[in-house]
Amino acid sequence: MTAATHSTLFPQAPGPSQFLAAPPDADAVLDGLDPEQREVATALHGPVCVLAGAGTGKTRAITHRIAYGVRAGILQPSSVLAVTFTNRAAGEMRGRLRQLGAGGVQARTFHSAALRQLQYFWPKAVGGEMPRLLERKVQLVAEAAARCRVRLDRNELRDVTGEIEWAKVTQTVPADYPAAVAKADREAPRDTAEIGQIYSLYEQLKRDRATIDFEDVLLLTVGILQDRHDIADQIRRQYQHFVVDEYQDVSPLQQRLLDLWLGDRDSLCVVGDASQTIYSFTGATPDHLLNFRTRHPNATIVKLVRDYRSTPQVVHLANGLLAQARGRAAEHRLELVSQRDPGPDPVYTEYADEPSEAEGTARRIRDLIAAGVPAGEIAVLYRINAQSEVYEQALADAGVPYQLRGAERFFERAEVREAGVALRGAARAGGNDSLLDDAEDLPSQVRAVLSTKGWTTEPPAGSGAVRDRWESLAALVRLAEDFARARPGATLSDLVAELDERAAAQHAPTVQGVTLASLHSAKGLEWDAVFLVGLTEGMMPITYAKTDEQIEEERRLLYVGVTRARLHLSLSWALARSPGGRASRRPTRFLAGLRPGSAAPGARTAGRGGAGGAERGGGTAGGARRGRRGPVRCRVCGATLTDAGDIKLMRCEDCPSDMDEGLYERLRDWRSDQARRLAQPPYCVFTDKTLMAIAEAVPGTDGELARISGVGVRKLERFGADVLAICAGQEPDEGDGEH
């Protein structure tokens, strides 16, 4: 490393004589700030906590704070480290600081700042060459899974990778992963014992190949700062003032790193809003923000509540949403006060069905554009990416250009392309495709073909890439049903031609268009007009949000969506999925008492007892396991079981097994046959641990089989008769496993 690089990264700590005298225009930095923003900008000593609501100018406040400190000679630019969560936000902060005359300040993400320190200190702290940084960990996770004899498809691989990332940022080691998932009431995408095993081997493979991942960057930096006090002291001499943006999103690991950077000092300014915590699935927690005053009793607390983004009408709705919230974050909610002139009231629209909702939304967007609102200042926001297809089509039919954010166009998604190939092949085969033998109509044919690509009648439990894939395939099934209803007698070839036409119509490049985005990917953005669509129970809150905490996070997600709108806000829902369907849906509980004609929530029951709790989230045995009271004990030695694999077997792994080996092998052979017929991996039928549990219990009735962990309602209906026949020493019926 050159001397120039050294001086850039870690110059000598400044002495008093190195600070510049206050320039005459230092106070000019404060011009234009409101009283609360000015209080933030001038609070340059001790711990400072800025509670900043949506649209209140928090970035303006903290950049002016840094610039004022620099230009007043109180802060040296190179001694300030400002951290945030995205490269975009860090770049925006650096740009504003340069404009304000504080260009030497380091504004980085947590990972970027830690990586620079790790690269610089590695030779001194560890010696030798620093391990190579993995840009993408998916391939190594796939190899670890293969070595564990666990086959993961592309979407399962993404979900398991996400679980490993969550475990690492929450500082959970592989052995503790199953217990940590249970404690967090987290819905794991697969058996937690399997994921823990994959996680452990993934870590071993990284060590063997001298590689590290992005989470390791933080973990290793934390380790060096904990073990090497001389290095920690050097960093603390370099950085003497810290600013953390989006503090409600810090993970336990990031907080640990921040604590080590600080040492015993308190020159820290944090900025956040607990009501915008929507990434808890990644390990983010608002606890550090909410506990700031407890940790720093002498902290300066400033609340920014003047909303410069949205009209009073939009702000009134946002405040109303949070007024009904519960939980600790709700206790610290901010009551926003709009600083804009009045605008139009939010528009609430109830549609008969989803296509009508999409078409109505497209018409309103076209009218707004005709009235002078630029297409680029309009957004359609939904809960999950699979909802985009009907809006892509409606906007295309209306001649309105659009762009997707945070997701591929519907017809460009890998699972949709794969499904299109399969449907095209089945259409060419016609009556010669055995898949279609029992399919009486077009929707049945589509369901039969897509079942080979992972579609099932019930959605998978939880969220993640596997759920996203299922939603995309389910959208194709619904499209086939609607197409058959509109064109009685249509063939599979007709549907394929329709899909090709839709895909071609949406491939036209767009430069300036309406934004289609999920609510999560809209965080940090804003538009003149926002359309919040699909606001029905089961989608908002999402059906797999079960606990009170999960329900409240869904409310905060809707709050984030509402506060993206500057002027025009539209909220809509559909009573039925398709034209002519039963109007069984209800608008989201979150709008109760807020939309015209709706009753206040009154004695509201959130979480498991709420309206959304009646929605089925997948029909697996997971719900029954979560409802089990008391500890699960080994049926052999009586010890409390925490490992998911042991819980499945109802015994410790080391306790003697009374498994019928012959029955286990027959079950494995049967499973292989089923997997081939269904064109799915064997574990999608039953996992090895479930087969072992069956071979140990040897169930004789449906009830006994249903009590085995891993045998849910759907699998009992599909495979129960075969499994019970094998357990009884009989041959299962010939067929595809459906009974």
Side-chain angles (χ1 to χ4, degrees), residues 9-10 13 43-51 62 65-66 75 79-85 90 105-122 125-126 165-173 176 180 212 214-272 274 277 279-280 282-301 328:
L9 279 174
F10 298 98
L44 293 170
H45 302 286
V48 178
C49 179
V50 182
L51 301 175
I62 58 177
R65 178 181 187 273
I66 295 169
L75 302 175
S79 72
V80 180
L81 177 59
V83 287
T84 187
F85 284 82
V105 172
Q106 292 290 309
R108 298 187 173 278
T109 64
F110 270 102
H111 284 89
S112 173
L115 180 59
R116 284 167 64 89
Q117 294 174 14
L118 193 63
Q119 290 170 330
Y120 180 76
F121 285 114
W122 187 271
V126 181
E165 292 172 349
W166 172 82
K168 298 184 75 166
V169 300
T170 56
Q171 302 176 82
T172 302
V173 298
D176 295 340
I212 58 175
F214 278 100
E215 290 70 45
D216 290 329
V217 170
L218 301 184
L219 285 163
L220 288 168
T221 305
V222 164
I224 288 174
L225 296 183
Q226 286 180 158
D227 295 341
R228 292 293 299 269
H229 298 294
D230 57 329
I231 293 176
D233 288 342
Q234 188 172 345
I235 290 178
R236 291 167 192 161
R237 287 194 300 271
Q238 163 63 39
Y239 294 121
Q240 300 180 1
H241 192 85
F242 296 86
V243 177
V244 184
D245 193 13
E246 302 288 1
Y247 193 55
Q248 77 277 355
D249 289 334
V250 296
S251 69
L253 179 56
Q254 289 164 333
Q255 180 62 47
R256 181 64 186 136
L257 178 59
L258 179 61
D259 289 340
L260 288 165
W261 281 341
L262 273 167
D264 58 2
R265 300 168 300 170
D266 62 2
S267 187
L268 169 67
C269 174
V270 301
V271 190
T277 305
Y279 299 114
S280 65
T282 67
T285 171
D287 289 347
H288 306 297
L289 176 66
L290 299 177
N291 293 337
F292 193 84
R293 177 172 275 169
T294 302
R295 295 188 66 189
H296 304 279
N298 299 322
T300 299
I301 309 295
R328 191 161 178 237

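The basis for the numbers below is simple: all heavy atoms, side chains too, and nothing from hydrogens, waters or symmetry mates. Position 1 is the first residue of the sequence, and the numbers go up from there.
For the pair Arg65 (side chain) and Ala43 (backbone), a donor-acceptor distance under 3.5 Å is present. Asn291 contributes a side-chain N or O that, together with a main-chain N or O of Asp287, makes up a donor-acceptor pair within less than 3.5 Å. Checked by atom type and distance alone, the side chain of Arg236 pairs as donor or acceptor with a backbone atom of Leu260 at under 3.5 Å. Using modelled atom types, one side-chain atom of Arg265 and one backbone atom of Leu262 make a donor-acceptor pair closer than 3.5 Å. In this structure, the side chain of Gln240 engages the main chain of Arg237 through a donor-acceptor pair within 3.5 Å.
Side-chain contact between Leu253 and Lys168: absent, with no pair of heavy atoms (C-beta onward) separated by less than 4.5 Å.
Residue Arg293 places its CZ atom among 12 or fewer non-hydrogen atoms of other residues, nucleotides or ligands, all under 6.0 Å distant.
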Practice task
For Gln234 and Asp230, run side-chain hydrogen bond (donor to acceptor under 3.5 Å, both in side chains): C-alpha distance rounded to whole Å, both residues' side-chain angles, the deciding distance at 0.1 Å, then the answer.
Solution key: CA-CA 6 Å; Gln234 188 172 345; Asp230 57 329; over 6 Å; no

Practice task
Go through Asp216 and Leu219 one step at a time and tell me if the side-chain contact (heavy atoms from CB on, under 4.5 Å) criterion holds.
Solution key: CA-CA 5 Å; Asp216 290 329; Leu219 285 163; 3.9 Å; yes

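One distance of note links CZ of Phe121 with OG1 of Thr221; it measures 10.5 Å at 0.5 Å rounding.
The minimum heavy-atom distance between Thr277 and Pro286, with the atom names listed, is OG1-CB, 3.4 Å. Scanning all heavy atoms of the two residues, the minimum distance from Thr170 to Pro252 falls at CA-CG, 4.3 Å. Of all the heavy atoms in Ala125 and Ile231, the pair that sits closest is CB-CD1, 3.6 Å. Considering every non-hydrogen atom in both Val271 and Gln248, the closest pair reads O-OE1, 4.4 Å. Heavy-atom minimum distance, Phe110 versus Val250: CE1-CG1, 4.1 Å. Here the closest heavy-atom approach between residue Gly283 and residue Trp166 is recorded as N-CD1, 3.6 Å.
Gln117 and Gln119 share no donor-acceptor pair across their side chains, judged by distance under 3.5 Å alone. Side-chain N/O atoms of Tyr247 and Gln254 include no donor and acceptor closer than 3.5 Å. Side-chain contact, Ser267 with His241: a donor N or O sits under 3.5 Å from an acceptor N or O.
With sequence neighbours excluded, no residue forms a ring-ring contact (aromatic ring centres under 6.0 Å, His included) with His288. Remark: Asp264 pairs with no residue by the salt bridge (charged side-chain N to carboxylate O under 4.0 Å, His left out) rule, at least two apart or across chains.
Between Phe214 and His111, the ring planes lie perpendicular to each other; the angle is over 60°, past the 30° to 60° tilted range.
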